[in-house]
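Beneath this line is the structure, given in structure tokens, with notes to follow.
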2 protein chains.
Amino acid sequence: MTTQTAAERRQEDKVAFDAYMEQCPTHDLLGVIGNKWTSMVLYQLTRGPRRYAELARALPGVSAKMLTQTLRSLERDGFLARAVTPSVPVQVEYTLTLLGERLVPLLDAVQHFAEHNIDEIRASRDHYDAASL
Amino acid sequence: MTTQTAAERRQEDKVAFDAYMEQCPTHDLLGVIGNKWTSMVLYQLTRGPRRYAELARALPGVSAKMLTQTLRSLERDGFLARAVTPSVPVQVEYTLTLLGERLVPLLDAVQHFAEHNIDEIRASRDHYDAASL
DNA sequence: CCGAATCCATTTTGATACTG
DNA sequence: CAGTATCAAAATGGATTCGG
């Protein structure tokens with residue numbers, strides 16, 4: 001055990017680093033808000049509580065499956081709350097929690113940066129793509 | 001053409017919304033920084049220029065393919081610059097551009113939020129998972 | 001040293017049909 | 001209305017091999 005090859009040591013480093021990354025809060029959060037529909041759903045909820053069908057109408061691109069999955073994930077993380085009214089038919093309303101409200105300014109900051117720098121980014125992409133002909 | 005079914009209208013809405021999302025700067029940026037290795041590479045570069053092998057050593061979990069892919073993508077977007085010194089063997093150094101430097105405070109904000117709220121998020125997850133037994 | 005190219009596994013996303 | 005179930009497709013990530 002005291003003798004290990006360089007390959008073995010690298011393998012151990014990799015495993016250790018993977019473990020570190022999985023418990024890294026920043027990486028965790030980026031994984032959440034980086035999902036395709038998360039920011040869209042959150043944005044809708046900043047404008048007030050929404051029912052399932054309202055969200056589906058506001059986001060015509062999302063399938064029922066992905067909408068449900070996104071909502072469940074955000075509920076699990078504590079960003080929104082799900083309230084069921086047992087009428088017929090049932091009503092389900094989604095609302096931002098306090099934690100969800102605290103996330104909004106951060107998403108605003110992302111939006112602000114994006115809108116102020118997208119032209120430069122797109123110009124860079126065009127330049128890069130043009131150079132590789 | 002003046003007559004269309006509800007299904008046809010929904011399909012058009014979906015296509016239009018997809019197009020809108022693809023050109024949405026915020027969604028674009030989230031797609032970039034949400035990638036698995038982007039934030040890690042960027043973080044390394046905030047501490048100064050780094051060579052390819054230095055990055056690979058600092059990030060033991062990344063494969064050569066993904067490191068190259070991440071670097072190329074960030075270069076294309078204009079967040080970092082790639083400088084080749086034609087020695088033997090060649091040296092390649094990656095440095096943050098001004099645009100890249102401007103992105104750093106935003107990533108710091110993400111990190112700040114993540115570290116201050118991760119306990120609450122994890123508690124919510126534990127509670128959610130415990131409830132679904 | 002710094003990759004490119006290829007092939008394969010995993011994850012994510014979506015279309016469709018069905019249910020209380 | 002508010003989902004679930006199933007299947008298929010697409011994007012992403014990674015291991016391996018090879019080259020200037």
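First the proteins, then the strands, lettered A, B, ... as listed; each starts at 1.
The CG atom of B/L67 sits 13 Å away from the C1' atom of D/dG13 (whole-angstrom rounding). If you take CD of A/E93 and C1' of D/dA2, they are 14 Å apart, rounded to a whole angstrom.
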* Please report the C-alpha distance between A/V104 and A/L42 in whole Å, then the side-chain angles of each, then the deciding distance to 0.1 Å, and finally whether the side-chain contact (heavy atoms from CB on, under 4.5 Å) criterion is met. => CA-CA 8 Å; A/V104 174; A/L42 251 19; over 6 Å; no
* To do: Could you walk me through whether A/T70 and A/N35 pass side-chain contact (heavy atoms from CB on, under 4.5 Å), step by step?
  => CA-CA 8 Å; A/T70 303; A/N35 282 336; over 6 Å; no
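Contact annotation: A/Y94 side-chain N/O to D/dG3 OP1/OP2 distance is under 4.0 Å.
Here ring-ring contact (aromatic ring centres under 6.0 Å, His included) pairs that include residues 85-113 of chain A, with residues two or more places apart or in two chains, are A/H112-A/H116. Listed by first then second residue, pairs satisfying ring-ring contact (aromatic ring centres under 6.0 Å, His included) with a partner in residues 36-81 of chain A number zero, not counting sequence neighbours.
Here the straight-line distance linking atom CZ of A/R72 with atom CG of A/L80 works out to 10.0 Å at 0.5 Å rounding. Taking CG of B/L55 as the start and CG of B/L71 as the end, the distance is 6.0 Å to the nearest 0.5 Å. For the atom pair A/I121 CD1 and B/L103 CG, the distance stands at 8.0 Å (nearest 0.5 Å). B/N117 contributes atom CG, which lies 4.5 Å from atom CZ of A/R102 (distance to the nearest 0.5 angstrom). Taking OG1 from A/T85 and CD from A/E93, the interatomic distance works out to 7.0 Å, rounded to the nearest 0.5 Å.
Scored by the side chain to side chain contact (heavy atoms under 4.5 Å, CB included) test, B/R57 finds B/A53, B/E54 as partners (sequence neighbours excluded). Listed by chain and residue number, A/L96 satisfy the side chain to side chain contact (heavy atoms under 4.5 Å, CB included) test with A/E101 (two or more places apart in sequence, or in another chain). Qualifying side chain to side chain donor-acceptor pair (under 3.5 Å) partners for B/R50, counting only residues two or more places apart in sequence or in other chains: none. Residues that satisfy the ring-ring contact (aromatic ring centres under 6.0 Å, His included) test with B/H127, not counting sequence neighbours, are absent from this structure.
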Which atoms of nucleotides 5-10 of chain D (N or O only) lie under 3.5 Å from a protein N or O atom, and what are those distances?
none

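Checking side-chain atoms of A/T68 against main-chain N and O of A/A64 turns up a donor-acceptor pair under 3.5 Å.
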Residues 16-30 of chain A, side-chain donor-acceptor partners within the protein, below 3.5 Å, at least two apart:
residue : atom : partner : partner atom : Å
A/H27   : NE2  : B/K36   : O            : 3.0
A/D28   : OD1  : B/R125  : NH2          : 3.0
A/D28   : OD2  : B/R125  : NH1          : 3.0

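A heavy atom closer than 4.0 Å to some atom of DNA chain D occurs in B/W37, these being the qualifying members of residues 37-56 of chain B. Listed in residue order, the members of residues 81-91 of chain A having a heavy atom less than 4.0 Å from DNA chain C come to none.
Axis angle, first five pairs versus last five pairs of the helix from C/dC1-D/dG20 to C/dG20-D/dC1: 50°, rounded to 10°.
Taking a heavy-atom distance under 4.0 Å as the criterion, the stretch of DNA chain C touched by chain A extends 5' to 3' from C/dT13 to C/dA15.
In terms of position on DNA chain C, the residue among B/L71 and A/V62 whose nearest nucleotide sits closer to the 5' end is B/L71.
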